[in-house]
S.K.: 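Handing you this structure, nothing more for now.
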Amino acid sequence: MAILLAPMEGLLDFVLRDILTRVGGVDRCVSEFIRVSNTLLPDQVFIRVVPELLNGGRTFAGVPVAAQLLGSDPVCLAENAARLAALGPHGIDLNFGCPAKTVNRHGGGAALLDEPELLLAIVAAVRRAVPKAMPVSAKMRLGVHDDSRALECALALEGGGASELVVHARTRADAYRPPAYWERIADIRAVVRIPVVANGEIWNVQDALRCREESGCDSLMLGRGMVTNPGLALAIQAAMAGPDASPAPWGSVWPDSSLTTCPALYPIINWQALLPFIAEFWRLVCARLDRRKQAGRLKQWLNFLRHHHPEAERAYVALRTLSEPAAIGQWLALQ
(Lines give C-alpha, C1' and ligand atoms only; values in the text may rest on other atoms or scores of the structure.)
Protein backbone atom coordinates (compact mmCIF):
# COMPACT_ATOMS: atom_id res chain seq x y z
CA MET A 1 0.00 0.00 0.00
CA ALA A 2 1.09 3.55 -0.76
CA ILE A 3 -0.48 6.90 0.07
CA LEU A 4 0.05 9.66 -2.48
CA LEU A 5 -0.45 13.37 -1.91
CA ALA A 6 -2.60 14.87 -4.65
CA PRO A 7 -1.79 17.85 -6.83
CA MET A 8 -4.16 20.76 -6.16
CA GLU A 9 -3.69 23.93 -8.16
CA GLY A 10 -3.68 27.03 -5.97
CA LEU A 11 -3.73 25.08 -2.72
CA LEU A 12 -1.44 22.08 -2.39
CA ASP A 13 1.76 23.66 -3.66
CA PHE A 14 5.37 23.04 -2.62
CA VAL A 15 4.93 24.87 0.71
CA LEU A 16 1.99 22.79 1.91
CA ARG A 17 3.56 19.69 0.33
CA ASP A 18 6.61 20.32 2.51
CA ILE A 19 4.57 20.63 5.69
CA LEU A 20 2.19 17.72 5.10
CA THR A 21 5.04 15.35 4.30
CA ARG A 22 6.77 16.43 7.52
CA VAL A 23 3.64 15.43 9.44
CA GLY A 24 4.08 11.95 7.98
CA GLY A 25 2.28 9.01 6.41
CA VAL A 26 2.73 10.15 2.79
CA ASP A 27 4.80 7.88 0.54
CA ARG A 28 4.83 9.92 -2.68
CA CYS A 29 3.69 13.32 -3.98
CA VAL A 30 2.58 14.69 -7.32
CA SER A 31 3.10 18.39 -7.98
CA GLU A 32 0.40 20.75 -9.16
CA PHE A 33 0.33 20.95 -12.94
CA ILE A 34 2.83 22.79 -15.11
CA ARG A 35 0.94 24.08 -18.11
CA VAL A 36 2.56 23.35 -21.49
CA SER A 37 1.32 25.38 -24.43
CA ASN A 38 3.27 25.56 -27.69
CA THR A 39 6.62 26.42 -26.17
CA LEU A 40 9.62 24.74 -24.61
CA LEU A 41 9.67 25.97 -21.04
CA PRO A 42 12.91 27.06 -19.37
CA ASP A 43 14.21 25.17 -16.35
CA GLN A 44 13.20 28.03 -14.06
CA VAL A 45 9.50 27.40 -14.74
CA PHE A 46 9.75 23.77 -13.68
CA ILE A 47 11.77 24.69 -10.60
CA ARG A 48 9.33 27.44 -9.60
CA VAL A 49 6.49 24.94 -9.42
CA VAL A 50 8.60 22.03 -8.17
CA PRO A 51 11.49 23.50 -6.14
CA GLU A 52 12.06 19.99 -4.80
CA LEU A 53 14.01 19.49 -8.04
CA LEU A 54 16.82 21.34 -6.25
CA ASN A 55 16.65 18.79 -3.42
CA GLY A 56 17.03 15.56 -5.37
CA GLY A 57 13.35 15.59 -6.31
CA ARG A 58 12.26 15.16 -2.68
CA THR A 59 10.50 17.25 -0.07
CA PHE A 60 12.36 18.37 3.04
CA ALA A 61 11.07 15.22 4.76
CA GLY A 62 12.56 13.05 2.00
CA VAL A 63 9.31 12.15 0.21
CA PRO A 64 9.73 11.76 -3.58
CA VAL A 65 7.85 14.14 -5.87
CA ALA A 66 6.67 13.46 -9.42
CA ALA A 67 6.20 16.55 -11.59
CA GLN A 68 2.90 16.92 -13.41
CA LEU A 69 2.47 18.32 -16.91
CA LEU A 70 -0.77 19.53 -18.48
CA GLY A 71 -1.32 20.11 -22.17
CA SER A 72 -2.77 18.60 -25.33
CA ASP A 73 0.02 18.61 -27.92
CA PRO A 74 1.99 15.33 -27.91
CA VAL A 75 5.13 16.81 -29.47
CA CYS A 76 5.29 19.85 -27.21
CA LEU A 77 4.55 17.78 -24.11
CA ALA A 78 7.26 15.29 -25.07
CA GLU A 79 9.86 18.02 -25.56
CA ASN A 80 9.03 19.57 -22.21
CA ALA A 81 8.96 16.19 -20.49
CA ALA A 82 12.47 15.48 -21.75
CA ARG A 83 13.75 18.78 -20.38
CA LEU A 84 11.93 18.23 -17.09
CA ALA A 85 13.24 14.68 -16.75
CA ALA A 86 16.80 15.99 -16.93
CA LEU A 87 16.13 17.94 -13.70
CA GLY A 88 15.55 14.74 -11.77
CA PRO A 89 11.90 14.43 -10.65
CA HIS A 90 10.77 11.05 -9.36
CA GLY A 91 8.46 10.63 -12.32
CA ILE A 92 6.49 12.54 -14.93
CA ASP A 93 2.73 12.65 -14.37
CA LEU A 94 0.22 13.71 -17.01
CA ASN A 95 -2.96 15.58 -16.08
CA PHE A 96 -6.17 14.33 -17.67
CA GLY A 97 -8.33 15.12 -14.68
CA CYS A 98 -8.46 18.88 -14.06
CA PRO A 99 -12.11 20.03 -14.35
CA ALA A 100 -11.41 23.78 -14.41
CA LYS A 101 -13.21 25.57 -17.23
CA THR A 102 -10.21 27.75 -18.08
CA VAL A 103 -8.05 24.63 -18.50
CA ASN A 104 -10.66 22.61 -20.39
CA ARG A 105 -11.49 25.50 -22.71
CA HIS A 106 -7.94 25.29 -24.05
CA GLY A 107 -8.08 21.54 -24.55
CA GLY A 108 -6.35 20.41 -21.37
CA GLY A 109 -7.14 18.30 -18.34
CA ALA A 110 -10.39 16.33 -18.24
CA ALA A 111 -11.55 17.71 -21.61
CA LEU A 112 -9.22 15.21 -23.29
CA LEU A 113 -11.24 12.27 -21.95
CA ASP A 114 -13.45 12.55 -25.02
CA GLU A 115 -10.39 11.76 -27.17
CA PRO A 116 -8.86 8.41 -26.13
CA GLU A 117 -6.69 8.33 -29.26
CA LEU A 118 -5.09 11.62 -28.25
CA LEU A 119 -4.54 10.32 -24.72
CA LEU A 120 -2.61 7.37 -26.13
CA ALA A 121 -0.59 9.63 -28.43
CA ILE A 122 0.37 11.99 -25.60
CA VAL A 123 1.46 9.26 -23.21
CA ALA A 124 3.36 7.42 -25.95
CA ALA A 125 5.20 10.58 -27.01
CA VAL A 126 6.20 11.41 -23.44
CA ARG A 127 7.19 7.83 -22.74
CA ARG A 128 9.54 7.84 -25.75
CA ALA A 129 11.01 11.20 -24.78
CA VAL A 130 12.14 10.42 -21.25
CA PRO A 131 14.64 7.84 -19.95
CA LYS A 132 13.28 4.30 -19.59
CA ALA A 133 13.92 4.37 -15.85
CA MET A 134 11.74 7.47 -15.41
CA PRO A 135 8.16 6.51 -14.45
CA VAL A 136 5.42 8.07 -16.57
CA SER A 137 2.02 8.08 -14.86
CA ALA A 138 -1.35 9.62 -15.61
CA LYS A 139 -4.30 10.96 -13.67
CA MET A 140 -7.80 10.79 -15.13
CA ARG A 141 -11.42 11.26 -14.16
CA LEU A 142 -14.20 8.92 -15.20
CA GLY A 143 -15.14 11.06 -18.17
CA VAL A 144 -16.39 14.44 -19.26
CA HIS A 145 -20.18 14.37 -19.01
CA ASP A 146 -20.58 10.70 -18.10
CA ASP A 147 -18.43 7.64 -17.49
CA SER A 148 -19.26 5.72 -20.65
CA ARG A 149 -15.69 5.96 -22.01
CA ALA A 150 -13.83 5.44 -18.72
CA LEU A 151 -12.53 1.98 -19.63
CA GLU A 152 -11.56 3.11 -23.13
CA CYS A 153 -9.58 6.02 -21.71
CA ALA A 154 -7.83 3.86 -19.13
CA LEU A 155 -6.83 1.34 -21.78
CA ALA A 156 -5.54 4.16 -23.99
CA LEU A 157 -3.34 5.49 -21.17
CA GLU A 158 -2.01 2.01 -20.50
CA GLY A 159 -1.49 1.46 -24.22
CA GLY A 160 0.58 4.62 -24.45
CA GLY A 161 2.96 3.30 -21.82
CA ALA A 162 1.75 4.74 -18.51
CA SER A 163 3.22 2.78 -15.62
CA GLU A 164 0.55 3.85 -13.11
CA LEU A 165 -2.93 5.31 -13.27
CA VAL A 166 -4.63 7.51 -10.69
CA VAL A 167 -8.40 7.61 -11.08
CA HIS A 168 -10.44 10.42 -9.56
CA ALA A 169 -13.77 8.67 -9.28
CA ARG A 170 -15.94 11.45 -10.69
CA THR A 171 -16.57 12.99 -14.09
CA ARG A 172 -15.64 16.52 -15.05
CA ALA A 173 -19.31 17.45 -14.79
CA ASP A 174 -19.36 16.14 -11.21
CA ALA A 175 -16.55 18.55 -10.29
CA TYR A 176 -15.96 17.97 -6.55
CA ARG A 177 -19.54 17.15 -5.58
CA PRO A 178 -20.00 13.96 -3.59
CA PRO A 179 -20.22 11.07 -3.97
CA ALA A 180 -17.14 9.56 -5.59
CA TYR A 181 -17.95 6.42 -7.57
CA TRP A 182 -15.23 4.14 -6.24
CA GLU A 183 -16.87 1.04 -7.71
CA ARG A 184 -16.11 2.36 -11.20
CA ILE A 185 -12.41 2.31 -10.33
CA ALA A 186 -12.81 -1.43 -9.77
CA ASP A 187 -14.16 -1.71 -13.31
CA ILE A 188 -11.05 0.04 -14.60
CA ARG A 189 -8.76 -2.19 -12.53
CA ALA A 190 -10.40 -5.21 -14.16
CA VAL A 191 -9.31 -4.21 -17.66
CA VAL A 192 -5.81 -2.74 -17.15
CA ARG A 193 -2.63 -4.48 -16.00
CA ILE A 194 -0.87 -1.47 -14.48
CA PRO A 195 -1.26 -0.31 -10.85
CA VAL A 196 -4.33 1.85 -10.21
CA VAL A 197 -4.58 4.41 -7.39
CA ALA A 198 -7.99 5.49 -6.07
CA ASN A 199 -8.75 9.17 -5.50
CA GLY A 200 -11.77 11.21 -4.44
CA GLU A 201 -13.86 11.85 -1.26
CA ILE A 202 -11.43 10.25 1.20
CA TRP A 203 -11.94 12.40 4.30
CA ASN A 204 -11.27 9.93 7.11
CA VAL A 205 -10.11 6.40 7.88
CA GLN A 206 -13.59 4.98 7.35
CA ASP A 207 -13.70 6.50 3.86
CA ALA A 208 -10.28 5.02 3.12
CA LEU A 209 -11.37 1.55 4.20
CA ARG A 210 -14.56 1.73 2.12
CA CYS A 211 -12.67 3.11 -0.88
CA ARG A 212 -10.18 0.24 -0.76
CA GLU A 213 -13.01 -2.28 -0.51
CA GLU A 214 -15.11 -0.80 -3.32
CA SER A 215 -12.28 0.07 -5.69
CA GLY A 216 -10.04 -2.89 -4.96
CA CYS A 217 -7.06 -0.51 -4.90
CA ASP A 218 -4.28 -0.97 -2.41
CA SER A 219 -3.00 2.59 -2.92
CA LEU A 220 -4.86 5.84 -2.33
CA MET A 221 -4.35 9.48 -3.26
CA LEU A 222 -5.40 12.09 -0.69
CA GLY A 223 -6.22 15.71 -1.49
CA ARG A 224 -8.64 17.93 0.42
CA GLY A 225 -8.99 15.32 3.18
CA MET A 226 -5.28 15.61 3.95
CA VAL A 227 -5.36 19.43 3.83
CA THR A 228 -8.28 19.41 6.27
CA ASN A 229 -6.76 16.77 8.55
CA PRO A 230 -2.95 16.65 8.20
CA GLY A 231 -2.86 13.49 10.34
CA LEU A 232 -5.06 11.56 7.92
CA ALA A 233 -2.29 9.69 6.10
CA LEU A 234 -0.74 8.58 9.38
CA ALA A 235 -4.13 7.44 10.65
CA ILE A 236 -4.83 5.45 7.49
CA GLN A 237 -1.41 3.83 7.53
CA ALA A 238 -1.87 2.81 11.17
CA ALA A 239 -5.37 1.47 10.59
CA MET A 240 -4.22 -0.55 7.56
CA ALA A 241 -1.26 -1.97 9.46
CA GLY A 242 -3.51 -3.31 12.20
CA PRO A 243 -2.99 -3.57 15.95
CA ASP A 244 -0.28 -6.24 15.67
CA ALA A 245 2.05 -4.18 13.48
CA SER A 246 5.31 -2.78 14.81
CA PRO A 247 4.73 0.72 16.20
CA ALA A 248 5.69 3.58 13.92
CA PRO A 249 8.18 6.14 15.28
CA TRP A 250 5.55 8.85 15.84
CA GLY A 251 7.13 9.70 19.18
CA SER A 252 10.13 11.04 17.29
CA VAL A 253 7.85 13.63 15.69
CA TRP A 254 5.51 14.52 18.56
CA PRO A 255 5.71 13.90 22.30
CA ASP A 256 3.63 10.88 23.30
CA SER A 257 1.31 13.18 25.22
CA SER A 258 0.22 14.85 21.99
CA LEU A 259 -1.20 11.63 20.56
CA THR A 260 -4.40 9.98 21.63
CA THR A 261 -5.83 6.67 20.49
CA CYS A 262 -9.34 6.26 19.20
CA PRO A 263 -11.34 3.01 19.32
CA ALA A 264 -10.06 2.09 15.84
CA LEU A 265 -6.50 2.08 17.22
CA TYR A 266 -5.02 4.83 15.12
CA PRO A 267 -3.38 8.07 16.25
CA ILE A 268 -5.09 11.43 16.12
CA ILE A 269 -2.95 14.56 15.87
CA ASN A 270 -4.43 17.20 18.11
CA TRP A 271 -4.26 20.97 17.70
CA GLN A 272 -1.29 21.45 20.00
CA ALA A 273 0.71 18.91 18.00
CA LEU A 274 -0.26 20.68 14.79
CA LEU A 275 0.68 24.21 15.89
CA PRO A 276 4.44 23.82 15.23
CA PHE A 277 3.65 22.72 11.68
CA ILE A 278 1.38 25.74 11.17
CA ALA A 279 4.15 27.99 12.46
CA GLU A 280 6.63 26.41 10.05
CA PHE A 281 4.12 26.75 7.21
CA TRP A 282 3.86 30.47 7.98
CA ARG A 283 7.65 30.79 8.06
CA LEU A 284 7.95 29.15 4.65
CA VAL A 285 5.12 31.24 3.21
CA CYS A 286 6.85 34.43 4.36
CA ALA A 287 10.19 33.26 2.98
CA ARG A 288 8.99 31.93 -0.38
CA LEU A 289 5.84 33.78 -1.44
CA ASP A 290 5.09 37.34 -2.45
CA ARG A 291 4.09 39.52 0.53
CA ARG A 292 0.66 40.19 -0.97
CA LYS A 293 -0.15 36.46 -0.97
CA GLN A 294 1.15 35.53 2.47
CA ALA A 295 -1.84 36.28 4.68
CA GLY A 296 -4.24 34.74 2.19
CA ARG A 297 -2.33 31.46 2.09
CA LEU A 298 -2.46 31.00 5.86
CA LYS A 299 -6.16 31.89 5.99
CA GLN A 300 -6.83 29.48 3.13
CA TRP A 301 -5.31 26.57 5.05
CA LEU A 302 -7.02 27.55 8.31
CA ASN A 303 -10.31 27.62 6.41
CA PHE A 304 -9.78 23.96 5.54
CA LEU A 305 -8.46 23.02 8.98
CA ARG A 306 -11.48 24.43 10.81
CA HIS A 307 -13.63 21.64 9.34
CA HIS A 308 -11.65 19.15 11.43
CA HIS A 309 -10.12 21.17 14.27
CA PRO A 310 -12.45 23.45 16.29
CA GLU A 311 -9.41 25.48 17.37
CA ALA A 312 -8.76 26.37 13.73
CA GLU A 313 -12.13 28.14 13.64
CA ARG A 314 -11.02 30.45 16.45
CA ALA A 315 -7.68 31.02 14.74
CA TYR A 316 -9.40 31.81 11.45
CA VAL A 317 -11.72 34.33 13.12
CA ALA A 318 -8.81 35.96 14.96
CA LEU A 319 -6.71 36.32 11.82
CA ARG A 320 -9.45 36.98 9.27
CA THR A 321 -9.08 40.77 9.37
CA LEU A 322 -5.28 40.82 9.63
CA SER A 323 -3.18 41.33 6.53
CA GLU A 324 0.17 42.50 7.86
CA PRO A 325 2.63 39.58 8.17
CA ALA A 326 4.12 41.06 11.36
CA ALA A 327 0.76 41.08 13.12
CA ILE A 328 -0.01 37.53 12.02
CA GLY A 329 3.41 36.34 13.12
CA GLN A 330 2.95 37.98 16.51
CA TRP A 331 -0.41 36.24 17.00
CA LEU A 332 1.04 32.85 16.04
CA ALA A 333 3.96 33.32 18.43
CA LEU A 334 1.53 33.62 21.35
CA GLN A 335 -0.21 30.32 20.64
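Since the structure is predicted, the reported quantities are computational estimates derived from the model, not experimental observations.
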S.K.: What I want to find out is whether R283 reaches E280 closely enough, with some N-O distance under 4.0 Å, to be called a salt bridge.
M.R.: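 Answer for the salt bridge query: yes.
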S.K.: Rounded to the nearest 0.5 Å, how far does CE of M140 lie from CG of L113?
M.R.: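 CE of M140 is found 5.5 Å from CG of L113.
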S.K.: May I ask you to test the N95-P7 pair for a side-chain heavy-atom distance under 4.5 Å?
M.R.: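 With C-beta onward as the side chain, the pair stays apart.
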S.K.: Considering only heavy atoms from C-beta outward, does the side chain of E117 approach that of L120 to under 4.5 Å?
M.R.: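 Heavy-atom side-chain distance check fails, nothing below 4.5 Å.
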S.K.: Please evaluate residues R17 and E32 with respect to the criterion salt bridge (Lys or Arg N to Asp or Glu O under 4.0 Å), reporting the C-alpha separation (whole Å), side-chain torsions for both, the decisive distance (0.1 Å), and the verdict.
M.R.: CA-CA 10 Å; R17 212 158 46 232; E32 68 273 40; 2.8 Å; yes
S.K.: Under the side-chain contact (heavy atoms from CB on, under 4.5 Å) criterion, do F33 and C98 qualify, and how do the steps go?
M.R.: CA-CA 9 Å; F33 66 74; C98 180; 4.1 Å; yes
S.K.: Does N303 reach the main-chain N or O of Q300 with its side chain, forming a donor-acceptor pair under 3.5 Å?
M.R.: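 Pair absent, no side-chain N/O of N303 close to backbone of Q300.
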S.K.: Could you walk me through whether C286 and L289 pass the side-chain contact (heavy atoms from CB on, under 4.5 Å) test, one step at a time?
M.R.: CA-CA 6 Å; C286 291; L289 301 185; over 6 Å; no
S.K.: Please answer whether the main-chain N or O of G56 pairs with a side-chain N or O of H90 as donor and acceptor at a distance below 3.5 Å.
M.R.: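 Yes; at least one donor-acceptor contact below 3.5 Å.
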S.K.: Could you check whether any side-chain N or O of K299 sits under 3.5 Å from a backbone N or O of S323, counting only pairs where one atom can act as donor and the other as acceptor?
M.R.: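 Not a single qualifying donor-acceptor pair exists.
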S.K.: For side-chain contact (heavy atoms from CB on, under 4.5 Å), just list the numbers for L298 and V285, CA-CA rounded to whole Å, side-chain angles, deciding distance to a tenth of an Å, and then say yes or no.
M.R.: CA-CA 8 Å; L298 178 61; V285 163; over 6 Å; no
S.K.: Tell me, with the steps shown, if R149 and E152 meet salt bridge (Lys or Arg N to Asp or Glu O under 4.0 Å).
M.R.: CA-CA 5 Å; R149 305 189 78 175; E152 187 181 359; 3.1 Å; yes
S.K.: Begin from the C-alpha positions of D27 and Q237 and carry the test side chain to side chain donor-acceptor pair (under 3.5 Å) through to its verdict.
M.R.: CA-CA 10 Å; D27 298 295; Q237 295 278 21; 3.0 Å; yes
S.K.: Answer yes or no: is there a side-chain heavy-atom contact under 4.5 Å between L302 and L319?
M.R.: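 Side-chain contact under 4.5 Å: yes.
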S.K.: Take atom CG of D290 as the centre, draw a 6.0 Å sphere, and report whether it contains more than 12 heavy atoms from other residues, nucleotides or ligands.
M.R.: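 Yes - once you tally the heavy atoms of other residues, nucleotides and ligands closer than 6.0 Å, there are more than 12.
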S.K.: Above 12 or not: heavy atoms from other molecules or residues under 6.0 Å from CD of Q335?
M.R.: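 Counting neighbours around CD of Q335, more than 12 heavy atoms of other residues, nucleotides or ligands fall under 6.0 Å, so yes.
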S.K.: Please test R297 against D13 for salt bridge (Lys or Arg N to Asp or Glu O under 4.0 Å), starting from the C-alpha separation and ending with a verdict.
M.R.: CA-CA 11 Å; R297 284 303 310 279; D13 64 352; 2.7 Å; yes
S.K.: Is the shortest heavy-atom distance from the side chain of V36 to the side chain of D73 under 4.5 Å?
M.R.: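 Side chain of V36 against side chain of D73, heavy atoms only: no contact under 4.5 Å found.
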S.K.: Mind checking what makes salt bridge (Lys or Arg N to Asp or Glu O under 4.0 Å) contact with R189, not counting sequence neighbours?
M.R.: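 With neighbours one apart ignored, the set is empty.
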S.K.: Under 6.0 Å from the six-membered ring centre of F60 and within 45° of its axis: does the NZ or CZ of R22 meet both?
M.R.: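 The answer is yes, since R22 meets both limits relative to F60.
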S.K.: Could you give me the CA-CA distance, side-chain angles and deciding distance for E201 and W203, then say whether side chain to side chain donor-acceptor pair (under 3.5 Å) is met?
M.R.: CA-CA 6 Å; E201 287 300 299; W203 294 95; 3.1 Å; yes
S.K.: Quick one: does S137's side chain get under 4.5 Å of L165's, heavy atoms only?
M.R.: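 Not touching, per the 4.5 Å side-chain cut-off.
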S.K.: Can the positive tip of R288 be found less than 6.0 Å from the middle of the six-membered ring of F281, inside 45° of the ring normal?
M.R.: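 Output no; distance or angle outside limits.
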S.K.: What do the steps show when you test T21 against E52 for side-chain contact (heavy atoms from CB on, under 4.5 Å), and what is the final call?
M.R.: CA-CA 12 Å; T21 55; E52 295 95 339; over 6 Å; no
S.K.: Evaluate K139 against D93 for salt bridge (Lys or Arg N to Asp or Glu O under 4.0 Å), listing each step before the verdict.
M.R.: CA-CA 7 Å; K139 187 180 183 190; D93 189 68; over 6 Å; no
S.K.: Does CD belonging to E183 count more than 12 external heavy atoms closer than 6.0 Å?
M.R.: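 Result for CD/E183: enclosed.
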S.K.: Okay, side chain of W182, backbone of G200: is any donor-acceptor separation there less than 3.5 Å?
M.R.: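 Side chain of W182 to backbone of G200, a donor-acceptor pair under 3.5 Å: yes, one is there.
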